[in-house]
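These numbers come from a predicted model, not from an experiment.
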Amino acid sequence: MTPAANGPLSRVRTAVRRFLAEHRPARVAVAVSGGADSLALAACTAALTSGARAVVVDHGLQEGSAEGAERAARTCAGLGLDAQVRRVEVTGGGGPEAAARRARYAALRPERGLVLLGHTLDDQAETVLLGLGRGSGPRSIAGMRELDPPWGRPLLGVTRADTEGACAELGLSPWSDPHNADPAFTRVRLRREVLPLLEEVLQGGVARALARTAAQLREDNDALDDLADAFAGDRGAVADLAPLPVALRRRVLRRWLLAEGVPELSDSHLRAVDALVRTGAGGGGVWVPGGFVVRRARGRLRVEPVQA
């Protein structure tokens, strides 16, 4: 089907074509949930590249999920994609959303090439708002990257309305996930209550403005990260660290802590370790994830295992 000029399908197809031309992945798979975003992405990917695959993850969290996953796989096969269903077990802490996300990404991770995800401009805006509300720092507010190997997000510049319109033009019937209407999930309330109110109060354009803010922050973060990578001093020496601007110093500390084996650093952890550099505060040590404590002694920082 030839998309109408400047219509939703044309916008989605243009976004996918540009992504594929710019990044030229050696192998492409599309993560498909059966919703409008992933179906529109799958349809356009199938039309624009040969040998692409579709992967449908069945989380098993809802009655009839297996049938829904098989239906999505059949739709992808009809679009010309080699489709596969992967069933996962959702376990672990952090709440059901986080546990499902971990299981999904583990199932989708490819041996080579890229997996394309159907995140849209609206998803980006929601991600930025979540980061703002949680005070998670610039990395979180910077949102999602278009290319973050092995993940690719060609649709970050198009709206959810565009993907829904593209499916309508193609005659596809997306599945509507009941979880996307459940106010128990924070993202649902952001989508259905907060963003519409912001659009009304600020007279439109909020989602695109949030996405632009994220892009600007990613550029700033990348520049500071490059400077941190180029730091030639001793990353454990207080005398070398203390003169650095705080934004740069925390990035240097983050790299040092990760190299020392400390996982999952949060902004609060970095601030506490940074206080050891600046003032020596927390002289008894700063506890960090992974069963470690960071101490300052004789002008140096040390990472030590917590003694039982």
*Short question: side chain of D123, backbone of T120 - any donor-acceptor pair under 3.5 Å?*
yes
*Below 4.5 Å, heavy atoms only, C-beta onward: do L248 and F231 meet side chain to side chain?*
no
*Could you pull out the closest heavy-atom pair between P174 and L39, with the gap in Å?*
CA-CD1, 3.8 Å
_Derivation of the side chain to side chain contact (heavy atoms under 4.5 Å, CB included) call for E260 and V288_ = CA-CA 12 Å; E260 292 290 319; V288 291; over 6 Å; no
_Intermediate values then yes/no, side chain to side chain contact (heavy atoms under 4.5 Å, CB included), R208 and L121_ = CA-CA 7 Å; R208 291 195 181 278; L121 178 80; 3.4 Å; yes
_Min side-chain heavy-atom separation E146-E22 under 4.5 Å_ = yes
*Would you check if the side chain of Q124 reaches a backbone N or O of H119 as a donor-acceptor pair within less than 3.5 Å?*
no
*T163 (side chain) donor-acceptor with R160 (main chain) under 3.5 angstrom*: yes
*Give a yes or no on whether R189 atom CZ has more than 12 heavy-atom contacts from other residues, nucleotides or ligands under 6.0 Å away.*
no
*R86 atom CZ: more than 12 heavy-atom contacts under 6.0 Å*: yes
*Electrostatic pair D122:R191 at N-O distance under 4.0 angstrom*: no
*asked:* Between R255 and D229, is there a side-chain heavy-atom distance shorter than 4.5 Å?
replied: yes
_Treating R249 as the side-chain partner and P243 as the backbone partner, does any N or O pair qualify as donor plus acceptor under 3.5 Å?_
no
*Specify the closest pair of heavy atoms between A69 and V85, including all atoms of both residues, with the distance to one decimal.*
O-CG2, 3.7 Å
*State whether the side chain of R251 and the backbone N or O of A228 hold a donor-acceptor pair below 3.5 Å, judged by distance alone.*
no
*Hey, does the side chain of T14 reach the backbone of S10 with a donor-acceptor pair shorter than 3.5 angstrom?*
yes
*Taking it one step at a time, do T127 and R187 satisfy side-chain hydrogen bond (donor to acceptor under 3.5 Å, both in side chains)?*
CA-CA 8 Å; T127 298; R187 267 193 186 269; 2.8 Å; yes
_Ion pair check, R87 and E70, cut-off under 4.0 Å_ = yes
*Where L48 and R13 come nearest, the two heavy atoms and their spacing*: CD1-O, 3.7 Å
*Looking at R254, R250, R139, which one forms a salt bridge (Lys or Arg N to Asp or Glu O under 4.0 Å) with D225?*
R139
*Within the distance-only criterion (no hydrogens, no angle test), does the side chain of E304 pair as donor or acceptor with the backbone N or O of F292 below 3.5 angstrom?*
no
*How close do V128 and A214 get, heavy atom to heavy atom, and via which atoms?*
CG2-CB, 3.7 Å
_With a 3.5 Å distance limit and no angle check, can you tell me whether R11 reaches the backbone of N6 through a side-chain donor-acceptor pair?_
yes
*Are T159 and E164 side-chain neighbours, meaning at least one heavy-atom pair lies under 4.5 Å?*
no
*Side chain proximity check, V56 to V32, heavy atoms < 4.5 angstrom*: yes
_For the backbone of A29 and the side chain of R53, can you confirm whether one donor and one acceptor N or O come within less than 3.5 Å of each other?_
no
*Which atom of S38 lies closest to which atom of S33, heavy atoms considered*: OG-N, 3.0 Å
*Measure across A72 and G34 and return the closest heavy-atom pair with its distance rounded to 0.1 Å.*
CB-CA, 4.0 Å
*Is it possible for you to say whether V286 and V262 belong to one hydrophobic cluster, with membership spreading through side-chain heavy-atom contacts below 4.5 Å?*
yes
*Under the side chain to side chain contact (heavy atoms under 4.5 Å, CB included) rule, what do R109 and W151 come out as? Steps first, then yes or no, please.*
CA-CA 8 Å; R109 184 172 290 275; W151 317 115; 3.9 Å; yes
_Minimum side-chain heavy-atom gap L257-L270 below 4.5 Å_ = yes
*Going by heavy atoms in the side chains, are F19 and L114 under 4.5 Å from each other?*
yes
*Without swapping roles, check the side chain of R235 against the backbone of D240 for a donor-acceptor pair under 3.5 Å.*
no
*Taking C-beta and beyond as the side chain, do L253 and L301 meet within less than 4.5 Å on heavy atoms?*
yes
